[in-house]
Novice: 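A single structure is presented below for examination.
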2 protein chains.
Amino acid sequence: MTDDDRVFKALADPTRRFLLDLLFARDGRTLTELESELEMSRFGVMKHLRVLEEANLVVTRRSGREKLHFLNPVPIREIHDRWIDKYTELHTTTLLELKAELEDES
Amino acid sequence: MTDDDRVFKALADPTRRFLLDLLFARDGRTLTELESELEMSRFGVMKHLRVLEEANLVVTRRSGREKLHFLNPVPIREIHDRWIDKYTELHTTTLLELKAELEDES
DNA sequence: ACGATAGGTGACCAAATGGTCACATGTCAA
DNA sequence: TTGACATGTGACCATTTGGTCACCTATCGT
């Protein structure tokens, strides 16, 4: 399993993306705190966090009996750089802004 | 299945990422041409291309009996924007530009 | 017209994935 | 020290996914 394979497989699950959303909003949460935001058992959440950690999308720090979780945005940047041409990046951004405007109108 | 779910699931497979790499290098290829770059049977490649197309990562155009495939970078950009803080990004960009200026002077 | 070429569908099977539970370890606080 | 709390492991099962094949339709060139 390559590094980028771990990252993309980690991002493939909606629960794991929701966990990243939670950490994007506020870093440094414990497993128990994250579990309380989900319908799933503690074991399910733990498994997902482990996958995110092995993909380096989440980094952790132990503090006594607690384990704090932090979002690491670096692998996300690397995805972007893989398929977004530097020269056409401006163009893509413009398309996204247009899309957002069209959706606002509806 | 939501839009973003389709995108992330599509990106989860290494063969599909390789197909995107091929199209990033050169657009407008046919199924048969893409198949020749892979070890897999035509049916396998076709299934993968279908997943990419349903995720809107690849767009197609018919030309007679051929179907031409093109890379669409927009969903990639949306992934980036979801977890990369705008302010942090600007800060990083500014630092990178400053670094480039300093290197020009030396 | 007709053989060759390009693409498409549905069924099928092996392997990977998502989720739960019984059970276990380490740490805090009174 | 002892009970409660936070996290960790391995086994287990249902569902999804990756890949192939037999068979099919549509288009090209001669």
Novice: Would you say A:R62 places a side-chain N or O within less than 4.0 Å of OP1 or OP2 belonging to D:dG8?
Specialist: yes
Novice: Please compare B:T32 and B:K47 by the position of their nearest nucleotide in DNA chain C and report the one closer to 5'.
Specialist: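 Nearest-nucleotide comparison on DNA chain C picks B:T32.
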Novice: Same hydrophobic cluster for B:L20 and B:V51, using side-chain heavy-atom links shorter than 4.5 Å among ILVMFWY?
Specialist: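 Different hydrophobic clusters.
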Novice: In whole angstroms, how far is the C1' atom of D:dT20 from the CD atom of B:E39?
Specialist: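 Rounded to whole Å, this separation is 15 Å.
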Novice: Send over the distance from A:K9 NZ to D:dT17 C1', rounded to a whole Å.
Specialist: 10 Å
Novice: For the residue pair A:R16 and A:H48, confirm or rule out a side-chain donor-acceptor distance under 3.5 Å.
Specialist: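 A pair is found: one side chain offers a donor N or O, the other an acceptor, under 3.5 Å apart.
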Novice: Base of C:dG7, side chain of B:K67 - is there a donor-acceptor contact under 3.5 Å?
Specialist: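 By the distance-only test, no, there is no pair.
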Novice: Between atom CE in B:M46 and atom P in C:dG10, what is the gap in whole Å?
Specialist: 11 Å
Novice: Can you tell me if A:H48 touches the phosphate of C:dG19, counting only side-chain N or O atoms and a distance under 4.0 Å to OP1 or OP2?
Specialist: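 Looking at the OP1 and OP2 atoms of C:dG19, one of them is under 4.0 Å from a side-chain N or O of A:H48.
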Novice: Over how many whole Å does the gap from A:R65 atom CZ to D:dT2 atom P extend?
Specialist: 18 Å
Novice: In terms of side-chain heavy atoms of B:E66, which of C:dG7, D:dT7, C:dG26 is nearest?
Specialist: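 Ranking C:dG7, D:dT7, C:dG26 by closest atom to the B:E66 side chain puts C:dG7 first.
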Novice: Nearest whole Å is fine: how far is D:dT17 P from B:M1 CE?
Specialist: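 About 6 Å, once rounded to whole Å.
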Novice: So that I can tick it off, tell me whether B:K9 and A:D13 are bridged by a salt bridge, with the cut-off set at under 4.0 angstrom between side-chain N and carboxylate O.
Specialist: no
Novice: Is the shortest side-chain N to carboxylate O distance from B:E53 to B:R6 below 4.0 Å?
Specialist: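 Salt bridge absent between B:E53 and B:R6.
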Novice: Is any side-chain N or O of B:R42 under 3.5 Å from a base N or O of C:dG8, one able to act as donor and the other as acceptor?
Specialist: yes
Novice: Determine: side-chain N/O of B:S41 to OP1/OP2 of D:dG19, distance under 4.0 Å, yes or no.
Specialist: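 Indeed not, no polar side-chain atom of B:S41 lies that close.
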Novice: Round to the nearest Å and state the distance from A:E35 atom CD to D:dG8 atom C1'.
Specialist: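 Those two atoms, CD and C1', are 14 Å apart.
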Novice: Starting from P on C:dT20, measure out to CZ on A:F43 and report it in whole angstrom.
Specialist: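 These atoms are roughly 10 Å apart.
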Novice: Ignoring the backbone of B:L31, work out which of C:dG7, D:dG19, C:dG19 is nearest its side chain.
Specialist: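 Among C:dG7, D:dG19, C:dG19, the one nearest the side chain of B:L31 is C:dG7.
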Novice: Under 4.0 Å between any heavy atoms, over every strand shown, what does A:G64 touch: base, sugar-phosphate, or nothing? Just pick one.
Specialist: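 Sugar-phosphate: the residue A:G64, judged by heavy atoms under 4.0 Å, touches backbone atoms but no base.
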Novice: Can A:H80 and B:R77 be counted as having a side-chain donor-acceptor contact under 3.5 angstrom?
Specialist: yes
Novice: Rounded to the nearest angstrom, tell me the gap between atom CZ in A:R50 and atom P in C:dG18.
Specialist: 14 Å
